[in-house]
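One structure is given here, and the rest of the page talks about it.
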2 protein chains.
Amino acid sequence: MKKNKKILEGRASSINVAKLAKVSQATVSRVLNHPDKVGEETRNRVLKAIEELKYVPNQNARDLVSGSSKVITLISGPLENPFFVDSTASIVHFATEKGYKVNIYIVDDSDIEETYRQALSNRPDGLIMSCIFYDDPIIEHLERLDIPFVTFNRRHRQKLNYVEFDNYSAAKQACHFLYEKQYDSIFWVGGMLDVSTFKYRFKGFKDTYEEIYQSTLNPLDFMNKKVIDYNMLRENIWYWYQKNPGKKAILAATDSIAINLLSLTKEMGLSCPDEVGIIGIDNVELSKHPYINLTTVGGAQNLGLIAIQELIYTIEHQSNTNIAYTISTQIFDRGTIK
Amino acid sequence: MKKNKKILEGRASSINVAKLAKVSQATVSRVLNHPDKVGEETRNRVLKAIEELKYVPNQNARDLVSGSSKVITLISGPLENPFFVDSTASIVHFATEKGYKVNIYIVDDSDIEETYRQALSNRPDGLIMSCIFYDDPIIEHLERLDIPFVTFNRRHRQKLNYVEFDNYSAAKQACHFLYEKQYDSIFWVGGMLDVSTFKYRFKGFKDTYEEIYQSTLNPLDFMNKKVIDYNMLRENIWYWYQKNPGKKAILAATDSIAINLLSLTKEMGLSCPDEVGIIGIDNVELSKHPYINLTTVGGAQNLGLIAIQELIYTIEHQSNTNIAYTISTQIFDRGTIK
DNA sequence: TTGTATGCGTTATCAG
DNA sequence: CTGATAACGCATACAA
């Protein structure tokens, strides 16, 4: 008895509504989609039945008919990285605003195959991701599947649908900035070079360094690791710090790394910026907090936001033009470089 | 020509596969779901066709048949609040691990009606949320809809399916801690009392304060606002700071507020903890950063994680028992109280 | 082992 | 203005 009632109340379908309102199921559908094409009286009867049964249309069935799911799949990097906090927030806000649901996956550069498989089986209307490698086979797959996608922060070698900072010149700006501030020695901390972001930021740094400092970059003065081993990093930094006289700064490939470096150096007993300067790239929100107050280089716009805007535009206009944004950057001169 | 090929490649259905493999559609379905019930030779033929057409089953259609969607809807508070960063990360990780997709909505205590409507129309297998009011009509609705749900951080008056801190005693602990540290004057910054978290934390503070300090709480010594107006807050804090002699501290209802207060007081020229102590509640990850180093009271476990674990258990075991966790807390004595 | 037929909850087309 | 009816893509009971 009670169960029966529940079924009718909670999981009511348009057929149940139709019966109650003594109309055909088609009419119920019309009331929802083309109310003006239904007689006033009939409409009210249906509306009342809908209310009474707490009827909620099954979006799955709708999607099946329409062929579109109104789902956008977001494959984000880990939220321990404040960059992805910022981008996730922007993406979810904008997409929701536009009537899309956001399916979120959080990945770690590892175990990503399975994520793609699962994500794609949901037939999202679009895919937005950041975790792509410079030579990633997935791109080919996506093109074949003919599903709109965009990458932000990182891009593929093929320059297909991406929104990125001008990574090369961002690092260049950082390096110039340190030079102008008369730093004598720079230590670089980055990530694996199979990722466009790290690849070009490192290149930008290396080229610029060798140009302005007139010497080739010492292999002991940088670290590019997939997963940063903070014990090893501590040792390397310590060695570099002891060896080099003068004014010293660490250039981190991302704000996330820089913020971790703030911890590390403090723990090592090095005060920032007095004994060692630290500068990042990205200009994440967290860097603006006065207790972090990280000097960094970044853009005025949120890459994730640009990417989702473009993706949705592509979806809704069935546009075929390549999404290609390279956002220029500037220095945000705050407290960790003096 | 090209288009035709694309259609077959990208959006192939089981019927297309069936044709190519010269079997019935049902057999294709069987190959996917019960491979052992299909002849070896037939199976291989189907598998080859699947491969060739890059066939991906349409999850929507599957859901429609099965009635279950493997989707969990997460309605989270804003990611500007680090508490929700932590919980979102835990929830997404765990749910994905268990084979669920996570549909994420980010809300702001306002405009939440529409979110519920949209979220529910997707027929998620479960709902996990934090944004509920103490007297929220949605609870009744959810119960009628018979959809598994759990709230974390906040709970409903009815004590239905929640995971929360012991908010009353958390605030009590904070207040006692300040008393032991010989603070003479305490300013409270919280949120609207129509939310269980703020309601009980404030109550815990007020009761404890009046008990140990032997005086009723001065109306000028606290602020409970829905949206914190930092200009007004600055004035109120300034007034309180000037008026009261002795050792002074601000007790924030959440770490998020406390971390903002770190900014505010710094901007006001008050050094923390020397001129004013600050203590929060929640013990978010960010509070552990040595540059923030916030003294706070919180639990060892992540509320979101407990909640998602319980929710999935409920879904998979069709359990009917009420989820009710009240997690006890402790002081994390760091740098913002001396 | 395999095929046929049916239904899941919608929307849309076509008659009436 | 309204009611049948055919898809949408898949899973499954039932036949063969």
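Treat the numbers as computed from the prediction; the structure is a model and nothing was measured. Proteins come first, then strands; the chains are lettered A, B, ... in the order of their sequence lines, and each starts at number 1.
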Could you state the [atom1]-[atom2] distance from [X] to [N], rounded to the nearest angstrom?
X	N	atom1	atom2	value
Asn58(A)	dG7(C)	CG	P	18 Å
Lys19(B)	dG3(C)	NZ	P	15 Å
Lys22(B)	dG3(C)	NZ	C1'	16 Å

Query - Partners meeting salt bridge (charged side-chain N to carboxylate O under 4.0 Å, His left out) with Glu51(A) (sequence neighbours left out) - result: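 Glu51(A) satisfies salt bridge (charged side-chain N to carboxylate O under 4.0 Å, His left out) with Lys54(A) only.
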
**Report entry** Test salt bridge (charged side-chain N to carboxylate O under 4.0 Å, His left out) applied to Glu316(B) - qualifying residues, sequence neighbours left out
**Finding:** none

Query - Electrostatic pair Asp109(B)-Arg154(B), nearest N-O below 4.0 angstrom - result: yes

**Report entry** Sequence-distant partners of His317(A), ring-ring contact (aromatic ring centres under 6.0 Å, His included), two or more places apart
**Finding:** Tyr313(A)

State which residues pass side chain to side chain contact (heavy atoms under 4.5 Å, CB included) with [X]; sequence neighbours excluded, sorted by chain then number.
X	result
Pro148(A)	Leu311(A), Thr314(A), Ile315(A)
Lys159(B)	Arg155(B), Tyr162(B)
Val102(B)	Ile104(A), Leu74(B), Val92(B), Ala95(B)

Report task. Do nucleotides 11-16 of chain C as a string where each nucleotide becomes B, S or -: B if the base has a protein heavy atom under 4.0 Å, S if just the sugar-phosphate does, - if no protein is that close. Result -> BBB---

**Report entry** Boundaries of the DNA chain D segment in contact with chain B, non-hydrogen, under 4.0 Å
**Finding:**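 Boundary nucleotides touching chain B, in 5' to 3' order, are dG9(D) to dA13(D).
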
Requested in this report: Give every residue pair that meets the salt bridge (charged side-chain N to carboxylate O under 4.0 Å, His left out) criterion with at least one member in residues 12-36 of chain B, sequence neighbours excluded.
Outcome: none

